[in-house]
Amino acid sequence: MSFDWKLNPPYSNLKQDDKLIQYHASCYCGFVQYVIYDEFPVDSTYCHCHGCQILQGAPYQWACIFPKTSLYFQSGLDSLKFYNNGENIQDHVLPCKVSCKYCSTPLADEGRRMWLAFPQSFKEFRQSESVREKLKPSCHIFYGQRTILGNFLKNDGLKKFEGHKNKSKEILDE
Ligand SMILES: [Zn+2]
Ligand SMILES: [Zn+2]
């Protein structure tokens, strides 16, 4: 396993004392702690693909996309575990899944330049509805693979793409 990843963002980022911390993220056990300085994500989505369902153990994934440069890791670099699900390898090969080695909390999907954070790990997200509004998804993606029951998402006002955002057909609410 290569440790070069520690030399690159977001892991190599320095503390930005001139900026306000917007989000404090932590895994369940607390070994991994990082902060985000940007108030608004570049985008936010609900992903219903089967991969997200299995890997998250959840009906769908809520991901908030931030540039890697807006993060700072306070602790837990040695507790991180990486998994590239495309190639099925446990290594830091991008894009990959990032979780805590100890408690197994899924923390983010790491892309080349972007960090797709799972906001359930943000303290502020759990505490405040107005924060959740700020991080609200712009759409549902891979809605064609959804397994949720009922129709409570039907009239939520968000676009629902069968696959990728803006690259697949929209599934219209009737
Ligand atoms: Zn943990
Ligand atoms: Zn997905």
Side-chain angles (χ1 to χ4, degrees), residues 1 3 5-6 10-11 13 21 23-36 41-66 68 71-127 132 135-149 152-154 156 158-171:
M1 168 129 178
F3 289 93
W5 55 269
K6 281 190 184 173
Y11 312 106
N13 291 349
I21 293 173
Y23 305 110
H24 292 80
S26 170
C27 62
Y28 186 82
C29 79
F31 277 178
V32 182
Q33 312 252 2
Y34 74 89
V35 300
I36 299 179
V42 175
D43 196 8
S44 173
T45 57
Y46 290 130
C47 183
H48 295 260
C49 83
H50 290 152
C52 285
Q53 291 183 36
I54 297 169
L55 287 157
Q56 310 259 147
Y60 50 96
Q61 179 200 79
W62 183 343
C64 298
I65 307 172
F66 292 95
K68 289 191 193 182
L71 272 62
Y72 169 65
F73 272 81
Q74 296 171 311
S75 69
L77 287 191
D78 293 319
S79 300
L80 294 176
K81 191 166 87 179
F82 304 111
Y83 175 63
N84 179 308
N85 56 301
E87 297 183 42
N88 192 27
I89 43 175
Q90 285 185 322
D91 207 345
H92 188 263
V93 175
L94 299 175
C96 68
K97 301 262 162 198
V98 184
S99 61
C100 171
K101 215 189 277 189
Y102 190 75
C103 68
S104 302
T105 300
L107 291 164
D109 283 347
E110 184 182 353
R112 279 165 191 84
R113 286 172 35 251
M114 295 291 164
W115 180 263
L116 287 69
F118 307 142
Q120 290 79 10
S121 64
F122 304 171
K123 183 180 80 184
E124 293 80 1
F125 174 92
R126 298 190 302 272
Q127 290 175 346
R132 293 192 288 277
L135 299 170
K136 191 179 169 178
S138 64
C139 64
H140 295 266
I141 58 173
F142 290 94
Y143 200 64
Q145 296 181 26
R146 70 191 181 279
T147 56
I148 44 155
L149 296 172
F152 66 100
L153 295 176
K154 232 173 206 173
D156 66 358
L158 302 180
K159 283 189 174 182
K160 298 172 178 71
F161 293 98
E162 189 174 289
H164 286 290
K165 182 176 182 177
N166 297 331
K167 287 180 187 154
S168 63
K169 87 173 199 283
E170 274 182 55
I171 295 176

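This is a predicted model, so every value here is computed, not measured. Note that ligands are numbered from 1 as they come in the structure, with each ligand's atoms numbered from 1 the same way.
Here the options are Asp91, Val93, Leu77, Val98, the test is side chain to side chain contact (heavy atoms under 4.5 Å, CB included), and the partner is Trp5; only Leu77 passes.
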Side chain to side chain donor-acceptor pair (under 3.5 Å) evaluation trace for Glu110 with Tyr11: CA-CA 11 Å; Glu110 184 182 353; Tyr11 312 106; 2.5 Å; yes
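Ring orientation note: the planes of Phe31 and Tyr102 are tilted relative to one another, at an angle of 30° to 60°. In this structure, Trp115 and Tyr34 have perpendicular ring planes: the angle between them is above 60°, well past the 30° mark.
Residue His50 comes nearest to Gln145 through the heavy atom pair N-OE1, 2.8 Å, listed as atom of the first residue, atom of the second, then distance. Minimum interatomic distance between Leu135 and Trp62 (heavy atoms only, all atoms of both residues): O-NE1, 3.3 Å.
The tally of protein N/O/S atoms under 2.8 Å from the Zn ion (ligand 1) stands at 4.
Scanning for side chain to side chain contact (heavy atoms under 4.5 Å, CB included) contacts around Ser99 gives Lys81, with sequence neighbours left out. Listed by chain and number, the residues in a ring pair (Phe, Tyr, Trp, His ring centres under 6.0 Å) with Phe161 amount to none (sequence neighbours excluded).
Distances under 2.8 Å from the Zn ion (ligand 2) pick out the protein N/O/S atoms Cys47 SG, Cys49 SG, Cys52 SG.
The ring of His48 has its center closer than 6.0 angstrom to the ring center of Tyr143.
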